[in-house]
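What follows is a single structure, written as structure tokens, with notes after it.
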Protein chains: 2
Amino acid sequence: MSQNAPADPQIAPEQGGGKRQLLREKNRLTLLEATLDSIAEQGIAETSVSEIIARAGLSRGMIHLHFGGKENLVEAAAELSNQRYYEQLERHLAASGDRPQDKIVAIVRSDLSEEVLNTRNVSVWYAFRGEARKRAVIAGLSDTRDTRMGGLAKRSFVAIARAEGHTHPRAVARDASNGTLAILEGMWTDYLLHPDRFNRGDAARIVFRFLAAMFPAHFNLSGAR
Amino acid sequence: MSQNAPADPQIAPEQGGGKRQLLREKNRLTLLEATLDSIAEQGIAETSVSEIIARAGLSRGMIHLHFGGKENLVEAAAELSNQRYYEQLERHLAASGDRPQDKIVAIVRSDLSEEVLNTRNVSVWYAFRGEARKRAVIAGLSDTRDTRMGGLAKRSFVAIARAEGHTHPRAVARDASNGTLAILEGMWTDYLLHPDRFNRGDAARIVFRFLAAMFPAHFNLSGAR
DNA sequence: CATTTCAATGGACGATCGTCCATTTTATTG
DNA sequence: CAATAAAATGGACGATCGTCCATTGAAATG
């Protein structure tokens, strides 16, 4: 988690942080970005301290200074990447309509958007997944993701299944939620392995093909009805 | 060591494999298994030569002797894991009926079977995925998987979509094939992150919930109709 | 049984790993 | 403009990495 407290004695509110603190934060972020870049391009196995500081253009000691060690840096990078994922999701949700099907469409669109589903993010995400069993912090991020998105999707699908007149709306909704998130996972894998031939429109159509078959009154091939 | 036959590699039949060759093959396999174990438990990043030979109970030079280096060993381990995946798939396909929906059911059942979907396989598979971008050999394995399973699924779904009277059976089949494989991918991720709470029956039901919605004359919640 | 053959051993090697800290640089304070 | 405080530097350190080969051991051969 957090180890080296920045120990900021006073945050000068009228100055918005002195030049010194500003540079410090900038360097911290530079290290995180360099780490994500390296992991995306070379994988975690090839991402060494030397590799990171070379990309960041900073000195060797910075990693220990800012993060206390390589491991904490890598985990902080994972958290940053995860946080950005959620920022995009919240953005899409905020811009969506209020109907339950609108929320589902927002989740799908966010997960397949260029800001979320791109080479760097996917590479980084799968690199971390490969380490999830060994790193509790990283496993925790995936759990949070499950809980937040899964909860929202489930609630939306319950309303949809009820409106469609299903006899067991909650069972249907649970399966629809898990299935939709699973299929989005699969789309990420597709993108990881074939970033060139991947097509966002095709991916969305596949998702909505399933959803339209299950809830024809609420979805069609291009999203919400 | 006399009963634990290595399931005959490609040894010339007239040689029958002397005791020397038998031991050699056994050690080779021991190295591969130790590598897969280490990758599954510690991840690729923590899988060193020292770690592998300690697990295998063999000497340091064996890796260079048998594989020429660590990289080749890791790639051979990936190929072995992939090969075993296909053996299970072929087994399920051979035991299935001949109707197209039977083939789809066989693919799903194989992908969710205990022999295929277990902690070790999933951990190993995701570890390799994280390196797919950097290792051409590993990326190639995923491609093969796409081609073989994707082709079979697509052909089956075309027949199914035609029988269901869809106006654009090939477009429907393409989406159904990609969607089904994607959702199976997602189930693997579920298992990776929550091996304890994962339920094979639930996973299969989710898949068939989607398929039954799309092809009600061919599938129901428990598989083929 | 003596000899040949080849797999297996395990230590040496230089390279690289991540950590840490004495020193230098630079912003801030008095 | 000094004096001070904090951040950044970059090299030293021991540990560990993966590779390689001279040597050992055991199976095959005659």
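Just so we're on the same page: letters track the sequence lines, and every chain starts at 1.
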Problem set entry | Rounded interatomic separation in angstrom, taking CG from Asn27(A) and C1' from dT25(C) | 13 Å

For this session: Ignoring the backbone of Lys19(A), work out which of dG18(C), dA26(D), dA27(C) is nearest its side chain.
Result: dA27(C)

Problem set entry | Rounded distance in Å - CZ (Arg24(A)) to P (dA5(D)) | 17 Å

For this session: Not counting sequence neighbours, list each pair that qualifies as a side-chain hydrogen bond (donor to acceptor under 3.5 Å, both in side chains) and has a residue in residues 135-144 of chain B.
Result: His194(A)-Asp143(B)

Exercise. To the nearest angstrom, how far is Glu25(B) atom CD from dA7(C) atom C1'?
Worked result: 12 Å

Seminar exercise, completed: Separation of dT16(D) atom C1' from Ile53(B) atom CD1, nearest Å, is 13 Å

Problem set entry | Which atom of Lys154(B) lies closest to which atom of Ser177(B), heavy atoms considered | N-OG, 3.6 Å

For this session: May I have the distance from Leu23(A) (atom CG) to dA7(D) (atom C1'), rounded to whole angstrom?
Result: 9 Å

Seminar exercise, completed: From CD of Glu46(A) across to P of dC17(D) the rounded distance in Å is 14 Å

Problem set entry | d(CD, Glu51(A); C1', dG18(C)) in whole Å | 15 Å

For this session: Provide, to the nearest angstrom, the distance between the CG atom belonging to Leu73(A) and the C1' atom belonging to dC17(C).
Result: 15 Å

Problem set entry | salt bridge (charged side-chain N to carboxylate O under 4.0 Å, His left out) partners for Arg148(A), two or more places apart | Glu90(A)

For this session: Return the residues of residues 57-71 of chain B meeting this criterion: a heavy atom under 4.0 Å from some atom of DNA chain D. Order them by number, or give none.
Result: Arg60(B), Gly61(B), His64(B), Gly69(B), Lys70(B)

For this session: Tell whether Arg20(B) reaches the base of dA7(C) with its side chain through a donor-acceptor pair below 3.5 angstrom.
Result: no

Per-pair distances, 0.1 Å, donor-acceptor, side chain in residues 54-61 of chain B, under 3.5 Å, sequence neighbours excluded:
unit_1: Arg55(B); atom_1: NE; unit_2: Glu51(B); atom_2: OE2; d: 2.8
unit_1: Arg55(B); atom_1: NH1; unit_2: Glu41(B); atom_2: OE1; d: 3.4
unit_1: Arg55(B); atom_1: NH2; unit_2: Glu41(B); atom_2: OE1; d: 3.0
unit_1: Arg55(B); atom_1: NH2; unit_2: Glu51(B); atom_2: OE2; d: 3.4
unit_1: Arg60(B); atom_1: NH1; unit_2: Ser50(B); atom_2: OG; d: 3.3

For this session: Could you tell me whether the side chains of Asn118(B) and Tyr191(B) share a donor-acceptor contact shorter than 3.5 Å?
Result: no

For this session: Look at the side-chain N and O atoms of Ser50(B) and state whether any lies under 4.0 Å from the OP1 or OP2 oxygen of dG18(D).
Result: no

Problem set entry | Pairing residues for Phe208(B) by the ring pair (Phe, Tyr, Trp, His ring centres under 6.0 Å) criterion, not counting sequence neighbours | none

Problem set entry | Residues in side-chain contact (heavy atoms from CB on, under 4.5 Å) contact with Gln83(B), at least two apart in sequence or another chain | Leu80(B), Glu87(B)

